[in-house]
Amino acid sequence: MDDNRENAFELYSNLADWFYLVTAPEDYREEAEFYRKTILENCIKPPHSLLELGSGGGNNASHLKKSFSMTLVDLAKAMLMVSRGLNPECEHIEGDMRNIRLGRQFGSVFIHDAISHINVLDDLMDTVETAYIHCRPGGVALFCPDHIRETFRPTTDHGGHDGERRGLRYLEWTWDPDPEDTCYTVDMAYLLKEGDRVSCHKDRFIMGLFSEEQWLSVIREAGFIPQVIEHTWSGFDETLGSRMFLGKRTVD
């Protein structure tokens with residue numbers, strides 16, 4: 001994983017103020033409700049606090065904050081600034097999910113698709129350890145990779161939104177140049193429209209692709225009791241067979 005993510009990707013730096021035209025908070029309502037229920041149903045006691053690692057623009061937090069006191073951690077300063085505008089009542093902290101240590105614990109820990117930026121097994125182990133250290137006994141950590149090795153297949157996608165004075169459209173191409181490693185590639189092209197002017201930008205993300213057994217093993221080695229969570233919601237492509245992973249921290 002690139003340590004300098006803020007400068008490596010246009011979407012998380014130069015294009016941060018366009019972020020909600022790529023992916024809007026309202027697009028996450030149903031998905032976030034699934035995460036909320038999953039967390040609440042698996043904790044021994046209802047958690048009042050939630051630590052989100054790799055919180056990005058805060059789309060999930062905009063819904064989850066109704067149920068939890070949230071602390072949001074991200075490596076990219078520009079994304080934290082965007083999220084503060086959407087979620088001013090949440091605590092925002094700049095940090096790396098692999099090694100940040102806040103010196104306190106939370107009722108639950110959540111890592112959405114930011115976990116997919118972890119593409120080395122040792123980094124995945126460090127990230128899950130971070131979640132364990134910050135999770136109170138009786139709480140859970142929820143990990144939501146975009147893909148796992150067993151069900152991965154190449155895809156293309158497109159989308160975007162219009163704002164009051166500008167609009168954005170994107171094309172996303174997901175593919176795997178080497179089925180033997182722990183990575184896949186996502187190439188993104190963005191068309192940005194302001195008035196009559198249209199500009200083009202691009203990003204390449206090298207994402208992590210681990211097997212279900214690797215996920216379960218890493219979660220177990222961190223100290224959690226691992227569990228596979230099957231998920232689906234409106235518009236979800238069930239042929240991808242995506243899974244989430246839950247880590248339950250036992251009461252000491």
Side-chain angles (χ1 to χ4, degrees), residues 1-13 15 19 22-23 27-28 31 35 52-57 59-60 74-76 79 96-98 110-128 130-131 141-160 169-190 200-219 221 226 228-233 235-247:
M1 178 179 171
D2 192 328
D3 288 331
N4 199 15
R5 188 180 69 169
E6 179 187 0
N7 296 321
F9 304 133
E10 288 255 51
L11 184 59
Y12 302 150
S13 54
L15 303 183
F19 183 77
V22 177
T23 174
D27 297 340
Y28 287 71
E31 188 176 342
Y35 303 142
E52 183 176 359
L53 299 171
S55 54
N59 281 331
N60 280 299
D74 201 90
L75 186 58
M79 295 307 294
D96 190 321
M97 69 176 78
R98 293 169 295 182
F110 173 56
I111 312 182
H112 189 233
D113 55 5
I115 195 68
S116 296
H117 285 284
I118 302 296
N119 55 33
V120 177
L121 188 58
D122 285 346
D123 286 345
L124 183 63
M125 295 173 68
D126 288 342
T127 303
V128 176
T130 296
L142 183 61
F143 309 94
C144 307
D146 284 334
H147 297 279
I148 64 171
R149 170 55 71 188
E150 290 88 341
T151 58
F152 177 87
R153 63 176 176 82
T155 60
T156 57
D157 195 10
H158 62 88
R169 298 295 182 269
Y170 69 83
L171 175 65
E172 176 183 314
W173 186 3
T174 300
W175 58 291
D176 186 3
D178 183 0
E180 301 301 320
D181 66 9
T182 61
C183 302
Y184 67 96
T185 299
V186 178
D187 285 306
M188 297 280 294
Y190 318 101
C200 182
H201 302 258
K202 63 180 182 179
D203 271 321
R204 167 167 285 189
F205 303 96
I206 307 301
M207 312 295 265
L209 191 59
F210 304 99
S211 69
E212 180 176 308
E213 183 49 44
Q214 285 176 310
W215 269 104
L216 295 175
S217 177
V218 167
I219 293 170
E221 288 179 15
V228 177
I229 303 291
E230 300 283 351
H231 66 86
T232 186
W233 41 75
F236 174 72
D237 186 351
E238 294 186 11
T239 64
L240 292 175
S242 292
R243 296 173 176 86
M244 302 175 198
F245 298 95
L246 190 77

- [ ] Kindly indicate, with the supporting measurements, whether the criterion side chain to side chain contact (heavy atoms under 4.5 Å, CB included) is fulfilled by Met97 and Thr130.
- [x] CA-CA 7 Å; Met97 69 176 78; Thr130 296; 5.6 Å; no
- [ ] Test Val186 against Glu172 for side chain to side chain contact (heavy atoms under 4.5 Å, CB included), laying out the working first.
- [x] CA-CA 7 Å; Val186 178; Glu172 176 183 314; 3.7 Å; yes
- [ ] Give the C-alpha distance, both sets of side-chain angles, the deciding distance and a yes or no for side chain to side chain contact (heavy atoms under 4.5 Å, CB included) between Arg153 and Thr155.
- [x] CA-CA 6 Å; Arg153 63 176 176 82; Thr155 60; 3.5 Å; yes
Task: Residue pair Tyr184, His147: steps toward the ring-ring contact (aromatic ring centres under 6.0 Å, His included) verdict - done: CA-CA 9 Å; Tyr184 67 96; His147 297 279; 5.2 Å; yes
Open item on the list: Let's go through Asp74 and Ser55 carefully: what are the C-alpha distance in whole Å and the side-chain angles of both, what is the deciding distance for side chain to side chain contact (heavy atoms under 4.5 Å, CB included) to 0.1 Å, and is it a yes or a no?
Closed with: CA-CA 6 Å; Asp74 201 90; Ser55 54; 3.9 Å; yes
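Here Thr127 pairs with nothing under the side chain to side chain donor-acceptor pair (under 3.5 Å) rule; sequence neighbours left out. Checked against side-chain contact (heavy atoms from CB on, under 4.5 Å), Gln214 has the following partners two or more places apart in sequence or in another chain: Leu121, Phe210, Ser211. Take Glu212 and apply the side chain to side chain donor-acceptor pair (under 3.5 Å) test, not counting sequence neighbours, and it matches Arg243. By the salt bridge (Lys or Arg N to Asp or Glu O under 4.0 Å) test, Glu213 pairs with no residue at all, sequence neighbours left out. Remark: Tyr28 engages Thr23 in a side chain to side chain donor-acceptor pair (under 3.5 Å) (not counting sequence neighbours). Judged as a side-chain contact (heavy atoms from CB on, under 4.5 Å), and not counting sequence neighbours, the contacts of Asp203 are Phe9, Glu10, Leu11, Met188, Tyr190, Phe205. Partners of Asp176 by salt bridge (Lys or Arg N to Asp or Glu O under 4.0 Å), not counting sequence neighbours, listed by chain and number: Arg149. Under the rule for a side-chain contact (heavy atoms from CB on, under 4.5 Å), the partners of Pro177 that lie at least two apart in sequence or sit in another chain are Trp175, Thr185. Not counting sequence neighbours, Asp113 has no partner by the salt bridge (Lys or Arg N to Asp or Glu O under 4.0 Å) test. Every residue two or more places apart in sequence or in another chain that forms a side-chain contact (heavy atoms from CB on, under 4.5 Å) with Pro145 is listed here: Ile115, Ser116, Ile148, Trp215, Phe245.
Checking Asp123, Asp126, Asp122 one by one against Arg98, the salt bridge (charged side-chain N to carboxylate O under 4.0 Å, His left out) holds for a single residue, Asp123.
Among all heavy-atom pairs drawn from Cys144 and Met244, the shortest one is SG-SD, 3.9 Å. Nearest heavy atoms, Gly54 versus Ala114: O-CB, 3.2 Å. Tyr12 and Ala76 make their closest contact through O-CB, 3.8 Å (heavy atoms, listed as atom of the first residue, atom of the second, distance). Nearest heavy atoms, Thr182 versus Asn119: OG1-O, 2.8 Å.
Using a 4.5 Å heavy-atom cutoff, the side chains of Thr156 and His158 are not in contact. Put simply, the side chain of His201 reaches to within 4.5 Å of the side chain of Leu15, judged on heavy atoms.
The CG atom of Leu209 sits 10.5 Å away from atom CG of Asp178, with the distance rounded to the nearest 0.5 Å. Note that the CG atom of Leu142 and the CG atom of Leu246 stand 6.0 Å from one another [nearest 0.5 Å].
Within the 6.0 Å centre-distance limit, the rings of His112 and Tyr35 are counted as a close aromatic pair.
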